[in-house]
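Hydrogens, waters and symmetry mates play no part in the numbers below; they use all other heavy atoms, side chains included.
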Amino acid sequence: MPELSDEHRMIQESAREFTRNVVLPAANRLDPVKGDIPREIIDQMAELGYFGILIPEEYGGLGLGAFEYCLVAEELARGWMSVASLIARGNALIGSLKSMTPEQKSHYLPLMAEGKFLGAFSLSEPDAGSDVANISCRAKRVGDEWEITGNKYWCTFADGADFILVFARTGETVDPKARHRGISAFMVEKPRGELPQGVSGNTIPKIGYHGWTTWELAFDKCRVGADKMIGEEGKAFYLATAGLETARAHTAARSIGLAQAGLNDAIEYAKQRRQFGNAISSFQAIRFKIAGMATEIEAARSLMYSVCEKIDQGVRCDKEASMVKLFASEMSERVTSEALQILGGGGYTTLNAVERHWRDARLTKIFEGTSEIQMRIISDHILGRD
């Protein structure tokens, strides 16, 4: 595993302290009742610079890399994965927003770095998930504006965000051999706490990932100025897939944070819980479970650090990014499940955080590309496309 520098350890310890003192207590209080992440936490994250980790210094960000981004994300996920995901509402959109005009960058990026302009990502549709090119939502040019009509799915933070980055088809026809062409991206600004004009929505009932709301959206002639198009018309498929290596490393970091939290809870419980006259930490079955859990976490963390180094060095690593996303997310579900098993009946109640980690770990196998998609990418690299 790469050695952490003194700066890395300072970043890690600061995020760990913030999680321990602020994030975890809020999660333990609010997740069981499906409460929202408090705005005070978002403001504190902004003060710590977490929304601008990847934003260049010239725009008010920290100008750091994927390594630091994932260090922070892992620590935040130990408390509440939703908060670890929230930092992407500034940072992760950078991949898509690199195609901004200089004027757009100068205006928006400083606000994003300060946490004053956070976004939601509206790409998926009822029939377009893993198959991004199957987007059917359309945008029609009307004078100096675009009119967006269609349905979107899985848009988290659509209400709390300051803008929604919407992907819609602007081409008149779809070439069956090049379905990825003709898709454009639009920044739809909106009041915080509301959906944009011309957009209605229903909340999606989730089993986890509480703290914020995930939406099904219906765009009905939603108007957006032509100057709000991001990048070139018809080429937003590449924006949607830009930064996937960092996004998948981020998911791995969140997975590792959840697993580590589960392991820590299991260790603490095993030392305190007594059965047959002894702490259960003295039983070989429990000791071996913990040894296996710790080993899997460390293996995933080492792979994540390696991938982050490649990303920051500008080395292509889409195969390795898929590997770490696959391995860490699958590992996280196993480890948090084992942690719940060690807590026994207590683990199956909302009185202990381990059930939250377990529910949230299950999601990491789905978003940012399912495990099956990651295996397809990895196998294509190894064996060539079928």
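Ring geometry for W146 versus F186: interplanar angle of 30 to 60°, hence tilted. Taking the six-membered ring where the residue is Trp, H8 and F67 present parallel rings, their angle staying beneath 30° rather than reaching 60°.
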(request) Check step by step if side chain to side chain donor-acceptor pair (under 3.5 Å) holds for N264 and E268. (result) CA-CA 6 Å; N264 292 348; E268 182 179 356; over 6 Å; no

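With hydrogens and angles ignored, the 3.5 Å screen pairs a side-chain donor or acceptor of T149 with a backbone N or O of K221. When atom types are taken as modelled, the side chain of T336 and the backbone of S332 share a donor-acceptor pair closer than 3.5 angstrom.
Contact annotation: the side chain of V224 never approaches that of E145 to less than 4.5 Å [non-hydrogen atoms, C-beta and beyond]. In this structure the side chain of V22 never reaches within 4.5 angstrom of the side chain of E40, judged on heavy atoms. In this structure the side chain of R362 never reaches within 4.5 angstrom of the side chain of I207, judged on heavy atoms. Using a 4.5 Å heavy-atom cutoff, the side chains of L62 and Y50 are not in contact. Inter-residue side-chain proximity for E216 and K152 is flagged as unmet; no heavy-atom pair is nearer than 4.5 Å. With contacts defined as side-chain heavy-atom distances shorter than 4.5 Å, the pair F163/M187 qualifies.
Two different hydrophobic clusters hold F167 and V188 under the rule that ILVMFWY side chains link at heavy-atom gaps under 4.5 Å. A continuous path of Ile, Leu, Val, Met, Phe, Trp and Tyr side chains, each step under 4.5 Å between heavy atoms, connects Y238 with I183, placing both in one hydrophobic cluster.
One finds the OG1 atom of T19 at 10.0 Å from the CD atom of E17 (value rounded to the nearest 0.5 Å). Note that the CD1 atom of I87 and the CG atom of L76 stand 5.5 Å from one another [nearest 0.5 Å].
Evaluation of the ring-ring contact (aromatic ring centres under 6.0 Å, His included) test over residues 351-377, restricted to residues two or more places apart or in two chains, returns Y209-F367.
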